[in-house]
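Reviewing the structure listed below.
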Amino acid sequence: MKAVRLDKFLADAGIGTRSEVKKFVYWNRVKVNGKIVKDPGMKIEPDTDEVTYKDEPVRRAEEFVYYLLHKPAGCVSATEDKLHKTVLDYVPKTRKGLFPVGRLDKDTEGLLLITNDGALAHELLAPGKHVEKTYYALVEGRVTQEDILSVREGLDIGEKKNTLPACLEILSAALTENGWQSEIHITICEGKYHQVKRMMEALGKRVLYLKRLSMGGLTLPESLEKGQYQKLSREEAMTLLFTDGKA
Ligand code: URA
């Protein structure tokens, strides 16, 4: 890691704001390699220099953070929006450059990874990388065995090519007072705009409710309430890239 300013290192490590940590340096609370320093702008080598605050070692802040958010309906998968809450409003803003990996519609709930790790997003978008995403959906209409076969073969949703083979599972199909309704699990390995809704439309059905349950090797924990997040280690976040061959 390259040399950084001492005040930035301390602020990134959560010791205080940039102006607070400057004061801490002036108040002789900060040592580098055992010696009190007076210059908050001093360059330090985070890999080799030992920095202490009130004689306690200061641990270097992780470069990348990963939050698994249970996205609620009503917020947009963007970094800023003038009209609506964004998914970033649900995680701590301890890092610059946080963004959601992929998108969920405003009315879709469920698993969304938020990170500042651009390389991870880049890898996900690499040609030929088909990360599986499984959704639960409540659908207006009666989902049938033929629909399972059609989804497996690929559907025309108005794109140049049909959708890639996907896996549809019928959980229930019942005639209610509002007509037929079906509950399904659907696993797709693409991320076209409104893909699940458009696939159901291609089958003559309408999605009433949609929730993402998993993405790659990451699953939404049942205990995580809507609007809550869980911090992940880098290793845990990397399981996003794994795929289990369901679709
Ligand atoms: N498919 C959709 O139609 N919407 C989403 O939010 C995600 C997948």
Side-chain angles (χ1 to χ4, degrees), residues 67-81 83-91 98-115 120-121 124-125 129-143 147-148 150-171 181-221 224-229 237 240-244 246-247:
Y67 298 116
L68 188 163
L69 173 69
H70 185 163
K71 179 193 174 296
C75 62
V76 293
S77 301
T79 50
E80 49 183 40
D81 190 286
L83 294 177
H84 306 103
K85 274 188 123 172
T86 77
V87 290
L88 294 193
D89 290 327
Y90 292 90
V91 297
L98 286 173
F99 62 91
V101 177
R103 281 172 181 269
L104 290 178
D105 298 336
K106 190 170 149 231
D107 59 355
T108 302
E109 299 182 342
L111 183 153
L112 187 69
L113 187 77
I114 295 177
T115 182
L120 175 70
L124 274 171
L125 298 174
K129 186 91 205 168
H130 297 300
V131 172
E132 289 183 353
K133 286 147 275 210
T134 298
Y135 296 83
Y136 162 86
L138 176 65
V139 174
E140 189 178 65
R142 185 180 189 179
V143 178
D147 292 334
I148 293 181
S150 306
V151 162
R152 195 179 296 159
E153 274 166 20
L155 297 171
D156 180 358
I157 59 165
E159 298 276 334
K160 273 194 201 131
K161 289 185 178 168
N162 283 2
T163 54
L164 289 175
C167 178
L168 177 61
E169 191 188 337
I170 303 169
L171 305 175
Q181 288 192 350
S182 312
E183 291 180 295
I184 58 162
H185 278 165
I186 182 163
T187 302
I188 59 174
C189 56
E190 302 165 280
K192 299 218 164 70
Y193 182 63
H194 291 335
Q195 180 154 346
V196 173
K197 291 174 186 164
R198 288 161 71 201
M199 287 172 79
M200 287 302 119
E201 266 167 36
L203 298 171
K205 276 108 195 162
R206 191 162 70 95
V207 170
L208 300 172
Y209 171 79
L210 189 61
K211 176 178 181 178
R212 182 151 68 194
L213 303 175
S214 68
M215 190 167 172
L218 279 185
T219 301
L220 185 70
L224 200 62
E225 303 278 342
K226 282 179 223 176
Q228 286 187 339
Y229 70 89
L240 185 65
L241 299 167
F242 302 159
T243 206
D244 65 6
K246 235 199 207 166

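What you see is a predicted model; the values in this text were computed from it and never measured. Atoms within a ligand are numbered from 1 in the order they appear, just like the ligands themselves.
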Can you find an N/O atom of [X] closer than 3.5 Å to an N/O atom of ligand 1?
X	answer
V196	yes
R103	no
R198	no

Mind checking whether Y135 has a heavy atom under 4.0 Å from ligand 1?
yes
Is the shortest side-chain N to carboxylate O distance from [X] to [Y] below 4.0 Å?
X	Y	value
K205	D147	yes
E190	K192	yes
K197	D105	yes

Nearest protein heavy atom to atom 6 (O) of ligand 1, by residue and atom, and its distance?
D105 N, 2.7 Å
Walk me through whether Y209 and E109 qualify under side chain to side chain donor-acceptor pair (under 3.5 Å).
CA-CA 9 Å; Y209 171 79; E109 299 182 342; 2.5 Å; yes
Ligand 1-proximal atoms of I188, by part, heavy-atom distance under 4.0 Å
neither
Checking side chain to side chain contact (heavy atoms under 4.5 Å, CB included) between L112 and each of V101, L220, L68, V87, which is the one that passes?
V87
Under 3.5 Å, is there a donor-acceptor pair between the E140 and Q181 side chains?
no
If the cut-off is 4.0 Å to any non-hydrogen atom of T108, which atoms of ligand 1 fall inside it?
4 (N), 5 (C), 6 (O)
